[in-house]
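Okay, so here's the structure we're looking at.
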2 protein chains.
Amino acid sequence: MRRKITLKDIARELDVSISTVSKALKNSEEIGRDTKEKVQAFAKLYNYKPNNIAVSLKNKHTKNIGVVIPDIVHHFFTTVFRGIEKYANSRGYNVIICVSDESFDKEVINMEMLANGSIDGFIMALSGETQLKNDYAHLKEVTNQGIPLVLFDRVTDEVNCDKVVLNDEEIAYEVVMKLINSGRKRIALFTTENFFNVSKNREDGYRKALMDSGIVVDEELILRLPFNENIDAIDPFFDKHTIDAVLAVNEIFAVHAMGVAQKKGMKIPDDISFIGFTNGMLSKYASPQLSSVAQHGDKMGEIAAKMLIERIEAEYKEDEEEEVVYRTEIIKGTLIERASTIN
Amino acid sequence: MRRKITLKDIARELDVSISTVSKALKNSEEIGRDTKEKVQAFAKLYNYKPNNIAVSLKNKHTKNIGVVIPDIVHHFFTTVFRGIEKYANSRGYNVIICVSDESFDKEVINMEMLANGSIDGFIMALSGETQLKNDYAHLKEVTNQGIPLVLFDRVTDEVNCDKVVLNDEEIAYEVVMKLINSGRKRIALFTTENFFNVSKNREDGYRKALMDSGIVVDEELILRLPFNENIDAIDPFFDKHTIDAVLAVNEIFAVHAMGVAQKKGMKIPDDISFIGFTNGMLSKYASPQLSSVAQHGDKMGEIAAKMLIERIEAEYKEDEEEEVVYRTEIIKGTLIERASTIN
DNA sequence: TATCAACACGAAACCGTTTTCGTAAGTCAA
DNA sequence: TTGACTTACGAAAACGGTTTCGTGTTGATA
């Protein structure tokens, strides 16, 4: 078992000082040709690689970014994560991921662990509990310490930082308009409790589209499924209400609802059409295939990572505390039309 | 912007030495009651938290584990990851994740980055390219350096380390037997190129089940879909061959195949039945619902993490290089029967 | 021959901890 | 009063790098 070789080892072996070795490996002008070549050859031979931890300690940055998300087994979050990881990697950053599991406490604990030097910045989507409690002290704490933070998808106005979100309200408005224009009149909304900013925004778009079309919003047609994604309430909903379209805030609600509707003898999309959010596997392989709003998670992740890394690397320069201006990047969702709406 | 407070700050402020502060915060017997209380109160007041990086450098362990997987937008890997993350977190470890994207080079680069002090151990599933090239020098390099490694799912005999895998051959044997016992005679296998150990093992189980039942294996009924999961070949397959059952090595192949079969007018499960691997969302929401082998990703991840952390923490004790014995843990898959096989 | 810059390198501080070891002051018994 | 222990703390090394600054040696110049 070969132990990793250090600068000190090289210095001892070659009978020069540690600083000389360090400089030689960085190709510093200060060091003579011969010495440089000797050191570099030796380092290559023994496969010397600087110890990340030591470099981090000295340089005060880790080249790690922390990602905190509510759930990892979830198509949208994984695509965002993939975008983050890809971009971060291309910039030489590694990604530490923590799952809050929709729990406020876990979110806090995870952030505290990472905030003590392990990472240079955070990218996160708020947990459900955090949005419910509306308590963002841990986020403010982190930004106060000067650690850059980028929020995506599940964001809040309460904290001042860069953000990247979907144009939830707009796209919901658009797709509902599309349903209305194709003749649908009784359009249900299957959503979650609306302390989630995304659900709330989509609902706003839904309401606005109806109102702008002269349709009064029937509150009965808004079905709020519980936090834990328990979908049992969908079946009875179809017994109680006659509807000709459904907008669901995610794939699962939509696909499950399609199953229920079909079981009750309705024809899709003749009798009823469906549109979901999150254009994932389910949308593609459901039958009929589900029309769905693509949220472009990859792009979202890439942009979030880019914003974060820019902040991180800007910090090295500006000692002068100029008033920082935070940006909110808005990604446009796109409706992918499939058999659940086209006939 | 409050900077983080250090031992040195506390020491200066309280007019004691750094070592005293350090010991006081660890409640060392060496330090007097008064001093301890004073230091602890001050530390709490200013919310002192030790710098992870400095502790890591000193203690030679990071409390980070590195996970390298081929893909993150993939139900099985995310469930394994969730298991790893959960267990690791409960033991105070953070998880750094790198995606190899099925690329050998990325796998190598990622591992090298992490191996230079960033992590205490690796958990990984081999990339497709790595299995194809059959080149494991980077893994051996890492284990040679004394970094513990646990391989899961996509493993190889070429490297000596702990492993956790599914009983692929056995479970494939079992489910094919089940198909045979329910009267199926022409059972197709939809698999990938078989440099993947899992595909190969499942194929072996499939062959063995047929042979043990006195059915000669018709090589024509084994469809090898390409690396990139391009599934176009499935449609023509149904035109060329008459079959009454399909075993697919993943959900996508199976669900897609069900769609094709239905389009060609076959009734599931009357005319043909389907069984897939990876009991994910697709299996549950396909129509008909797909019978699928649950791979228990969560459990696999948890066990992998447990094995790894045991190795890591054992290293601190045993200086004596007793001959280490590596274990291979085998998880039993379970067939979840649904409408694609039951009638 | 004395002066001086350029060159090539080393000493040492530093990042923030942990930990070993040394020691001053206090306590106690002889 | 002296010697032997405790007690309570500090100095310093160490982890593995980076970086600033100082300095001995050269060769060129006046």
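If you're wondering where the values come from, they're calculated on a predicted model, not measured in any experiment. Naming: A, B, ... by sequence-line order, numbering from 1 per chain.
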request  = Scan A/S19 against the nucleic acid and name what it touches under 4.0 Å (heavy atoms): base, sugar-phosphate only, or nothing.
outcome  = base
DNA chain D nearest-nucleotide lookup for B/K36 and B/K58: closer to the 5′ end is B/K36
Practice task
Using a 4.0 Å heavy-atom cut-off across all strands, classify B/T35 as base, sugar-phosphate, or nothing.
Solution key: sugar-phosphate
Chain A reaches DNA chain D, atoms under 4.0 Å from its heavy atoms, from D/dC15 to D/dC21
Value for CD1 (B/I10) from CD (B/E13), rounded to nearest 0.5 Å, stands at 9.5 Å
Flag, side chain of B/Q40 to backbone of B/A24, donor-acceptor distance under 3.5 Å: yes
Comparing nearest nucleotides in DNA chain D, the 5'-proximal residue of the pair B/T20, B/L57 is B/T20
### Message
A/E129 vs A/K106, test: salt bridge (Lys or Arg N to Asp or Glu O under 4.0 Å). Steps then yes/no.
### Response
CA-CA 10 Å; A/E129 244 183 71; A/K106 280 200 198 168; over 6 Å; no
Q. Which part of the nucleic acid does B/K23 contact within heavy-atom distance under 4.0 Å: base, sugar-phosphate only, or nothing?
A. base
In the 5' to 3' direction, the nucleotides of DNA chain C bounding the stretch that comes under 4.0 Å of a heavy atom in chain B are C/dC15 to C/dC21
Tell me, do B/I65 and B/L308 make a side-chain contact under 4.5 Å, heavy atoms counted?
yes
* If you look at every strand shown and take non-hydrogen atoms under 4.0 Å, does A/T6 touch a base, only sugar-phosphate, or nothing? -> sugar-phosphate
> Under a 4.0 Å N-O cut-off, is there an ion pair linking B/D120 with B/K63?
Replying inline: no
| message | Quiz question: by atom type and distance under 3.5 Å, do the side chains of B/H138 and B/E112 form a donor-acceptor pair? | response | no
- Ring-ring centroid check A/F81 A/F77, cutoff 6.0 Å: no
>> Distance alone, cut at 3.5 Å: any donor-acceptor contact between the side chains of A/N134 and A/Y136?
In response: yes
Per nearest nucleotide of DNA chain C, the residue lying toward the 5' end, A/D15 or B/Y48, is A/D15
